Amino acid sequence: MAFCASCGTDYGQAASCPNCGTPQGYSATPAASPNSNTLAMWAHLGPLVVGLVGSFAIVPALLTWLPPLIIKQIRPNDEFLKRHANESLNFQLQWIIISVPLALVLTLFTVLTLGFGALLVVPVVAVLGILLMIMMILAAVAASNGKEHKYPFMLFRLVKN
């Protein structure tokens with residue numbers, strides 16, 4: 001027995017549905033495309049991937065703002081995706097702006113203490129990096145569940161919704 005995907009009529013061995021004319025093998029479900037939740041999730045996970053890959057080189061690590069910007073352009077009329085991409089973009093820009101002078105200060109501190117400052121600097125940077133990763137993962141989980149998310153500790157937002 002074969003049933004029409006459009007109207008549910010049993011059309012047996014016929015090439016098309018006798019009721020509505022739908023051809024055999026027609027699928028009522030559209031082709032799979034990434035939905036808003038998945039794209040919004042990648043707006044938060046993309047910078048994490050770029051940051052982890054770029055942790056071995058400074059220039060790629062400074063490009064963490066690029067994935068949310070690209071994802072935002074995929075569907076410019078999708079408000080849910082736009083809010084998540086903007087939130088991720090703001091988070092990445094804020095931490096790039098904060099981390100550059102912070103890295104200079106911590107490097108200077110390490111040099112001035114003849115390397116002993118590294119005993120304090122390395123654990124602080126590691127804990128900060130882990131906290132940032134946790135925040136991005138929590139945002140990605142919220143996005144994949146279709147929920148709104150605001151990053152904590154946001155001092156400013158350069159990109160408005």
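Since we're looking at a predicted model, the values are computed, not measured. Nothing fancy with the numbering, it's 1 onward along the sequence.
- Taking CD of E87 as the reference point, atom NZ of K82 lies at 14.0 Å (rounded to 0.5 Å).
- Listed for the Q94 side chain is a donor-acceptor partner under 3.5 Å among the backbone atoms of F153.
- Between I96 and W65, the shortest heavy-atom contact is CD1-CD1, 3.7 Å.
- Side chain of N90 to backbone of V159: a donor-acceptor contact under 3.5 angstrom is found.
- A pairwise comparison of heavy atoms in M136 and F91 identifies CG-CE2, 3.8 Å as the closest pair.
- Panel note: side chain S88, backbone P68; no donor-acceptor pair is recorded below 3.5 Å.
- Partner of H84 under the side chain to side chain donor-acceptor pair (under 3.5 Å) criterion, chosen from H44, H149, K72, E79: H44.
- Under the 4.5 Å side-chain contact rule for hydrophobic residues, W95 and I137 share a cluster.
- Just one residue in the list L63, T64, L132, L89 forms a side-chain contact (heavy atoms from CB on, under 4.5 Å) with P47, and that residue is T64.
- Rounded to the nearest 0.5 Å, atoms CG (L158) and NZ (K160) are 7.5 Å apart.
- Heavy-atom minimum distance, T113 versus F109: OG1-O, 2.9 Å.
- One hydrophobic cluster, built from ILVMFWY side chains closer than 4.5 Å, cannot hold both I134 and L45; they sit in different ones.
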Evaluate F80 against N37 for side chain to side chain contact (heavy atoms under 4.5 Å, CB included), listing each step before the verdict.
CA-CA 8 Å; F80 178 77; N37 294 2; 3.5 Å; yes

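- Cluster annotation: V100 and L93 are assigned to the same hydrophobic cluster (Ile/Leu/Val/Met/Phe/Trp/Tyr, side-chain heavy-atom contacts under 4.5 Å, transitive).
- In this structure, P67 and V50 have side chains that are in contact, with non-hydrogen atoms separated by less than 4.5 Å.
- Residue Q92 holds its CD atom at 12.0 Å from CG of L69, rounded to the nearest 0.5 Å.
- The two residues R75 and L81 have their closest heavy-atom pair at CB-CD2, 3.9 Å.
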Side chain to side chain contact (heavy atoms under 4.5 Å, CB included) between T110 and V122, worked out:
CA-CA 10 Å; T110 302; V122 170; over 6 Å; no

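- A distance of 11.5 Å separates CD1 of I71 from OG of S36, quoted to the nearest 0.5 Å.
- Linking Ile, Leu, Val, Met, Phe, Trp and Tyr whenever their side-chain heavy atoms come within less than 4.5 Å puts V125 and L128 in one cluster.
- With N145 contributing its side chain and K147 its backbone, the two residues share no donor-acceptor pair below 3.5 Å.
- Put simply, the residue from V127, L120, V121 that forms a side-chain contact (heavy atoms from CB on, under 4.5 Å) with V124 is L120.
- V49 and L66 fall within the same hydrophobic cluster, where Ile, Leu, Val, Met, Phe, Trp and Tyr residues are linked whenever their side-chain heavy atoms come under 4.5 Å apart, directly or through other members.
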